[in-house]
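The structure appears right after this line, and notes come after that.
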Protein chains: 2
Amino acid sequence: MISLTATQELRVYGQGMQTRSPAGRAGRPRSAAADAAILAATREALVELGWSKLTLGDVATRAGVAKTTLYRRWAGKNELVVDAVAELFDELELPDRGSLAADIEGVVLQFAAILALPEAKSGLMAVVAEATRDEALRERIRASVVDRQKRLVLEGRARAQARGELPPEPDPRSAARTVDLIFDMVAGAVVHRTLVSAEPADEEWVRGFTRVLLQGLGT
Amino acid sequence: MISLTATQELRVYGQGMQTRSPAGRAGRPRSAAADAAILAATREALVELGWSKLTLGDVATRAGVAKTTLYRRWAGKNELVVDAVAELFDELELPDRGSLAADIEGVVLQFAAILALPEAKSGLMAVVAEATRDEALRERIRASVVDRQKRLVLEGRARAQARGELPPEPDPRSAARTVDLIFDMVAGAVVHRTLVSAEPADEEWVRGFTRVLLQGLGT
DNA sequence: GGCTTTCGCTACGAGTCGTAGCGTAATGCC
DNA sequence: GGCATTACGCTACGACTCGTAGCGAAAGCC
């Protein structure tokens with residue numbers, strides 16, 4: 001519990017390296033290098049061992065730190081893996097490709113490329129499964145992974161409305177529902193294709209998906 | 001490995017109780033009651049403990065059998081949970097509701113109801129995560145869970161084509177791709193809504209989803 | 001230099017794993 | 001009924017992981 005708070009503070013330091021004395025904190029600061037090494041080691045262990053056989057002792061050894069250091073920063077395996085996997089989604093962007101269809105295809109391909117990584121496959125679904133019984137963990141995933149993706153949907157939608165490709169939706173409540181729906185449809189389809197069907201979400205598949213999403217099955 | 005084959009044979013016996021001497025097998029037969037008790041106990045443990053804290057020893061105690069009996073029938077936790085969760089999808093059907101939209105809404109609501117069960121939530125995603133590193137497990141999930149769902153898509157599509165709601169697709173390869181795409185979109189969206197967004201896939205959501213799936217975002 | 005916090009290390013009890021061995025129970029075949 | 005065969009319950013086991021405690025040393029801020 002305490003270590004969880006401390007972790008969040010540390011990550012804040014990591015972002016703003018310049019801050020002199022972070023909120024009146026004295027003593028030896030936590031090693032940012034150790035933090036990075038631990039997360040990298042976690043991803044490495046996910047690739048080699050998978051979720052169930054991953055042990056915190058092994059991660060500590062790989063990272064070159066003591067096991068106790070790991071427990072001081074993360075409450076457990078779940079939280080550690082969430083942070084390790086979350087970094088994979090940092091590069092997710094939505095470049096303007098001129099049309100809604102092209103924008104969707106571009107971002108879906110990015111998303112699919114990340115999900116194709118073995119560390120994302122084995123880690124992400126496992127923590128989502130654990131999160132069904134852990135409210136705090138669900139919130140952690142939402143904040144560090146899901147919301148960043150959803151923001152892209154919001155952005156792409158606004159862009160398409162500006163282009164006139166999508167009708168404006170004045171009622172904010174209805175608009176929020178639509179965004180949630182689109183998000184679940186896009187992310188859900190890619191995840192299901194990649195993890196359950198175990199087939200690559202390649203360009204051909206993405207083209208077909210985008211066509212159905214925009215025009216429906218009727219045509 | 002041996003026990004896995006034996007398990008499948010046992011399940012066959014369970015279906016056709018009448019068979020006299022099943023393929024020249026001698027000796028004391030496996031208890032079908034024990035099998036049912038174990039799977040029920042597994043679901044119960046999934047609800048109370050979740051995937052990660054579920055132990056085979058605990059399941060054995062709940063089911064009233066010895067731990068060794070469990071290991072004789074299943075290779076491990078993964079295979080056991082797949083079988084336990086698979087039974088939840090037995091009742092999935094596709095009643096004819098007159099139109100493609102109504103058919104989709106009906107089956108999606110059924111699927112959502114199953115996914116809302118805590119034993120499905122915590123169990124299904126966990127084994128899918130494990131299956132990313134285990135080809136045999138992936139095949140087991142495909143055979144006992146996924147294919148049964150996909151058959152509904154195939155059936156609903158044929159029905160809609162007979163009604164004239166969907167255009168016929170002569171090329172079988174292209175048709176198979178379309179079915180796969182639709183399946184990933186439907187199942188993926190419901191799963192993502194239920195497990196990641198952690199919101200109920202209720203009637204209102206299903207209506208919106210069906211509208212987008214059939215007519216696209218454009219309208 | 002003094003204060004504070006982190007770090008590496010060792011050690012620990014508790015719990016789980018998957019297996020082996022044994023005697024017993026239940027069936028099919030003769 | 002007797003025999004072979006297989007499943008069952010039970011006990012015990014070494015190996016491993018867990019999460020924590022305690023200690024001295026290290027690294028920063030005043």
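Because only heavy atoms are used, hydrogens play no part in the values below, and waters and symmetry mates are left out as well, while side chains stay in. By convention in this document, chain letters (A, B, ...) are assigned in the order of the sequence lines, proteins followed by strands, and residues within each chain are numbered from 1.
- In this structure, the CD atom of B/Glu79 is 14 Å from the C1' atom of C/dG18, given to the nearest Å.
- Taking the six-membered ring where the residue is Trp, A/Phe111 and A/Phe89 present tilted rings, their angle falling between 30° and 60°.
- Across the protein-nucleic acid pair, A/Leu70 atom CG and D/dT17 atom C1' stand 14 Å apart, rounded to whole Å.
- Proximity note for A/Val65 (side chain, C-beta onward) versus C/dG8, D/dC18, D/dG9: the nearest is C/dG8.
- The nearest whole Å value for the distance from the OH atom in A/Tyr71 to the P atom in D/dG22 is 18 Å.
- Rounded to whole angstrom, the span from the CG atom of B/Leu54 across to the C1' atom of C/dG15 amounts to 15 Å.
- Taking 4.0 Å as the cut-off between side-chain N and carboxylate O, A/Glu204 and B/Arg177 count as a salt-bridged pair.
- Look at CG on A/Asn78: it is 14 Å from C1' on D/dC18, rounded to the nearest Å.
- Residue A/Thr69 places at least one side-chain N or O under 4.0 Å from the OP1 or OP2 atom of C/dG8.
- The distance between atom CG of B/Leu56 and atom P of C/dC17, rounded to the nearest whole Å, is 5 Å.
- Between B/Arg28 and C/dA25 there is no side-chain N or O to OP1 or OP2 distance below 4.0 Å.
- Looking at B/Glu135 and B/Arg138, a side-chain N of the basic residue comes within less than 4.0 Å of a carboxylate O on the acidic one, giving a salt bridge.
- Residue A/Ala66 has its side chain nearest to C/dG8 when only D/dC8, C/dC7, C/dG8 are considered.
- Direction change of the helix axis from one end of the helix from C/dG1-D/dC30 to C/dC30-D/dG1 to the other is 30°, with five pairs defining each end axis (rounded to 10°).
- Remark: the A/Arg72 side chain and the C/dG8 base include a donor-acceptor N/O pair separated by less than 3.5 Å.
- B/Leu49 has its CG atom 13 Å from the C1' atom of C/dT16, to the nearest Å.
- For the pair B/Lys121 and B/Trp51, the cation-pi test (distance below 6.0 Å, angle within 45°) is failed.
- B/Glu119 pairs in a side chain to side chain contact (heavy atoms under 4.5 Å, CB included) with only one of the listed residues (B/Leu124, B/Leu88, B/Thr42), which is B/Leu88.
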A/Asp83 and A/Arg140: salt bridge (Lys or Arg N to Asp or Glu O under 4.0 Å), yes or no, with the steps?
-> CA-CA 9 Å; A/Asp83 287 2; A/Arg140 195 186 189 95; 3.0 Å; yes
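- The distance from atom NZ of A/Lys67 to atom C1' of C/dC12 is 10 Å, rounded to the nearest whole Å.
- No side-chain donor-acceptor contact under 3.5 Å links B/Glu44 to the backbone of B/Arg62.
- Both A/Lys53 and A/Thr68 lie close to DNA chain D; mapped to their nearest nucleotides by heavy-atom distance, the more 5′-ward contact belongs to A/Lys53.
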